[in-house]
Amino acid sequence: MHEPLSRRAFLGATGAAVAGSALARPSAAVAAPAVHIPPPARPVAISSNNSLRPVTRAVELMLQGADTLDAAVEGVKIQELDPADDSVGYGGLPNEAGVVQLDASCMHGPSKRAGAVGALEGIKTPSEVAKLVLRYTNHILLVGEGAKRFALSYGFKEEDLLTPESRQKWLAWRANRGREDDWLDVPQGEAMVARPTGTINLNAVNAKGEISSVTTTSGLAWKIPGRVGDSPIVGAGQYCDNTVGAAGSTGRGESNIMVCGGFLTVEHMRRGMSPTDACLETLRRVVAMTPPRLLDGQGRPTFGLTFYAVNRNGEYGAASIFPGRYAVHDGREAAAKDCAHLYERR
Ligand code: GLY
């Protein structure tokens with residue numbers, strides 16, 4: 001008589017049976033093609049326009065021998081902790097209810113691991129929490145209350161993330177958003193004509209060719225509570241494959257999620273494209289996937305989106321829908337550079 005199988009034993013047995021069949025063997029068609037790219041002579045870090053300090057810190061740390069993910073996270077933490085940067089962390093612009101909800105994700109190329117948090121409240125540095133998810137759990141994405149409890153268990157302090165300035169901007173938006181609500185317009189109030197999206201994506205490679213990526217954001221300002229964008233979505237907000245490179249984005253997250261842009265950009269590089277061309281190609285896919293309500297009369301998107309990429313060789317590049325800038329440190333010096341772009345102006 002057969003003993004009843006436990007679930008674990010059953011999975012083990014079926015796994016072994018399937019593994020024995022030809023179907024289970026990865027075929028050349030599904031396996032990622034191998035690439036052989038030599039490492040760069042010096043570490044490189046590429047990031048968004050607000051990140052000259054983060055790329056500088058990341059390269060400094062890599063030159064001292066730090067792991068690429070530790071270096072990348074220490075870099076973006078500078079902006080997360082800076083109350084003057086209203087796109088990430090402390091001082092980030094809140095959701096429509098006036099609550100700051102932060103998203104972040106990261107990947108570590110050498111260990112092939114990822115971690116992320118979404119809609120995290122009360123913790124200034126979501127990139128660090130994402131790194132803890134990567135390092136200490138069997139999961140990839142924690143959200144909301146669970147993500148906060150996870151952070152608190154590691155000794156993070158719960159704090160009010162609104163600064164006086166970000167609260168003022170939110171109050172001005174709430175007062176001026178429409179004529180039909182019960183909030184009176186603020187005299188001389190700031191007219192909120194645009195909805196800011198700010199984010200940092202930072203990709204780093206060291207002289208051994210080890211690569212990591214991190215993306216952190218307070219997301220779309222005035223978003224519906226609970227909305228998470230592309231930043232905590234591994235494969236969209238950032239992606240890293242240690243044999244190829246890393247890529248990530250800033251800008252309208254929903255449009256990036258539709259094309260899995262971080263992953264797609266790395267796959268373009270795998271097929272031999274330069275980082276800049278890979279970013280441009282991903283943007284063309286974004287435009288192709290954009291519904292008519294988000295296109296202007298000339299078929300151009302009505303939103304902004306930028307991709308940043310570095311390959312294992314230390315070549316880097318960035319591209320945006322409309323002209324923009326990015327920050328890079330090539331191991332010698334930090335610089336702000338122009339992105340390649342699809343369209344001249346909005
Ligand atoms: N890319 C940031 C966001 O859409 O939340």
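Read the numbers this way: they start at 1 and go in the same order the structure lists the ligands and their atoms.
- Annotation: R285, atom CZ; neighbour count of heavy atoms from other residues, nucleotides and ligands within 6.0 Å does not exceed 12.
- A heavy-atom distance below 4.5 Å is not found between the side chains of V205 and E210.
- Remark: the backbone N or O of S218 is paired with a side-chain donor or acceptor of K223 at under 3.5 angstrom.
- At least one N/O-N/O distance between R227 and ligand 1 falls below 3.5 Å.
- Interface atoms of ligand 1 facing G219, defined by a heavy-atom separation under 4.0 Å, are 5 (O).
- Annotation for ligand 1: atoms under 4.0 Å from non-hydrogen atoms of L220 are 5 (O).
- Checked against ring pair (Phe, Tyr, Trp, His ring centres under 6.0 Å), Y239 has the following partners two or more places apart in sequence or in another chain: F263.
- Between G198 and ligand 1, no N or O atom pair is found at a separation short of 3.5 Å.
- Taking every heavy atom of D230 and a limit of under 4.0 angstrom, the matching atoms of ligand 1 come to 1 (N), 2 (C), 3 (C), 4 (O).
- The side-chain contact (heavy atoms from CB on, under 4.5 Å) test with S213 is passed by exactly one of C106, C240, S105: C240.
- A donor-acceptor pair under 3.5 Å links the side-chain atoms of T215 to the main chain of G237, judged by distance alone.
- Using a 4.0 Å cut-off to heavy atoms of G251, the atoms of ligand 1 that qualify are 1 (N), 2 (C), 3 (C), 4 (O).
- Atoms of ligand 1 found under 4.0 Å from any heavy atom of T199 (numbered from 1 in listed order, with element): 1 (N), 2 (C).
- With a 6.0 Å radius and a threshold of 12 heavy atoms from other residues, nucleotides or ligands, Y136 has its OH atom at or below the threshold.
- Considering both main-chain and side-chain atoms, G229 never comes within under 3.5 Å of ligand 1 through any nitrogen or oxygen pair.
- Residue-to-ligand polar distances keep T217 apart from ligand 1: every N/O pair is separated by 3.5 Å or more.
- Using a 4.0 Å cut-off between heavy atoms, Q101 makes no contact with ligand 1 at all.
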